[in-house]
Amino acid sequence: KDVQYAFAYFHYVMETFDAADPDVRELWRRELDGDGDGELDGNEVLTLAAMAIGKEPDDEAVDRLYECASRRRRLPYIRGLLAPATGRAARWSRPGRVVTLRSLEKCDEARDGLLRHAKRRSKRRDAYALEKNLDEVAFEMLGDDVEKTRSQ
């Protein structure tokens, strides 16, 4: 129904990290730790759970993965340093716990789920690659002349 969403999703499928043999460290760097601070905030934990489970996770699933993939924070959390998480994500932005790459690697469920997701996405992406030498993309609308679109 939403063409803009469809185009954005297509772009995501085509342009995201793709590897036949994915690496958790590369997934962490490219897709999970969006702000590059070495820890996952509440929204990043939701992304981790969605990727590991392969669909939108319910709170129970996120709680389970958060407990598995997080560890006690070693240094005190300085309140007010960053904007606090709000909404659903605030539940997984606890001052006393943190998800780091090292703690994530110790959680079999999260690590294996991420790797499965990356492999599935790689297969899905290959299905979209019709011509390997395309430099441009032309979108065809319902009322367009197919031959005219192809000739552009």
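Keep in mind that this is a model prediction, so the values were computed, not measured. Numbers here simply count residues along the sequence, with the first being 1. Basis for what follows: all heavy atoms, side chains included, without hydrogens, waters or symmetry-related copies.
With Glu44 contributing its side chain and Gly34 its backbone, the two residues share a donor-acceptor pair below 3.5 Å. Judged by distance alone, the side chain of Ser103 and the main-chain N or O of Ala69 form a donor-acceptor pair under 3.5 Å. Side-chain atoms of Glu31 do not come within 3.5 Å of backbone N or O of Trp28 as any donor-acceptor pair.
Interatomic distance, Leu48 CG to Asn43 CG, rounded to the nearest 0.5 Å: 12.5 Å. Remark: Met51 CE to Leu115 CG distance equals 9.5 Å, nearest 0.5 Å. In this structure, the separation between CG on Leu40 and OH on Tyr66 is 9.5 Å, given to the nearest 0.5 Å.
Under the rule for a side-chain contact (heavy atoms from CB on, under 4.5 Å), the partners of Ala61 that lie at least two apart in sequence or sit in another chain are Ile53, Pro57, Asp58, Arg64. Listed by chain and number, the residues in a side-chain contact (heavy atoms from CB on, under 4.5 Å) with Arg29 are Glu26 (sequence neighbours excluded). A search for side-chain contact (heavy atoms from CB on, under 4.5 Å) contacts involving Arg72 returns Arg97, not counting sequence neighbours. Contacts of Glu56 classified as side-chain contact (heavy atoms from CB on, under 4.5 Å), with partners at least two apart in sequence or in another chain: Arg88. Residues satisfying the side chain to side chain donor-acceptor pair (under 3.5 Å) test with Thr47, not counting sequence neighbours, are none. Considering only residues two or more places apart in sequence or on other chains, Arg116 meets the salt bridge (Lys or Arg N to Asp or Glu O under 4.0 Å) condition with none of them. Under the rule for a salt bridge (Lys or Arg N to Asp or Glu O under 4.0 Å), the partners of Asp63 that lie at least two apart in sequence or sit in another chain are Arg91.
Annotation: disulfide (SG to SG under 2.5 Å) contacts involving residues 34-68, sequence neighbours excluded, comprise Cys68-Cys107.
Val62 and Val98 are members of different hydrophobic clusters when ILVMFWY side chains are connected at heavy-atom separations under 4.5 Å.
Asp41 is not listed as a side-chain neighbour of Val99, based on a closest heavy-atom distance of 4.5 Å or more. A heavy-atom distance below 4.5 Å is not found between the side chains of Lys106 and Arg71. Between Arg25 and Leu101, some side-chain heavy-atom pair lies under the 4.5 Å cut-off. Side-chain contact check for Leu32 versus Leu114: some heavy-atom pair is nearer than 4.5 Å.
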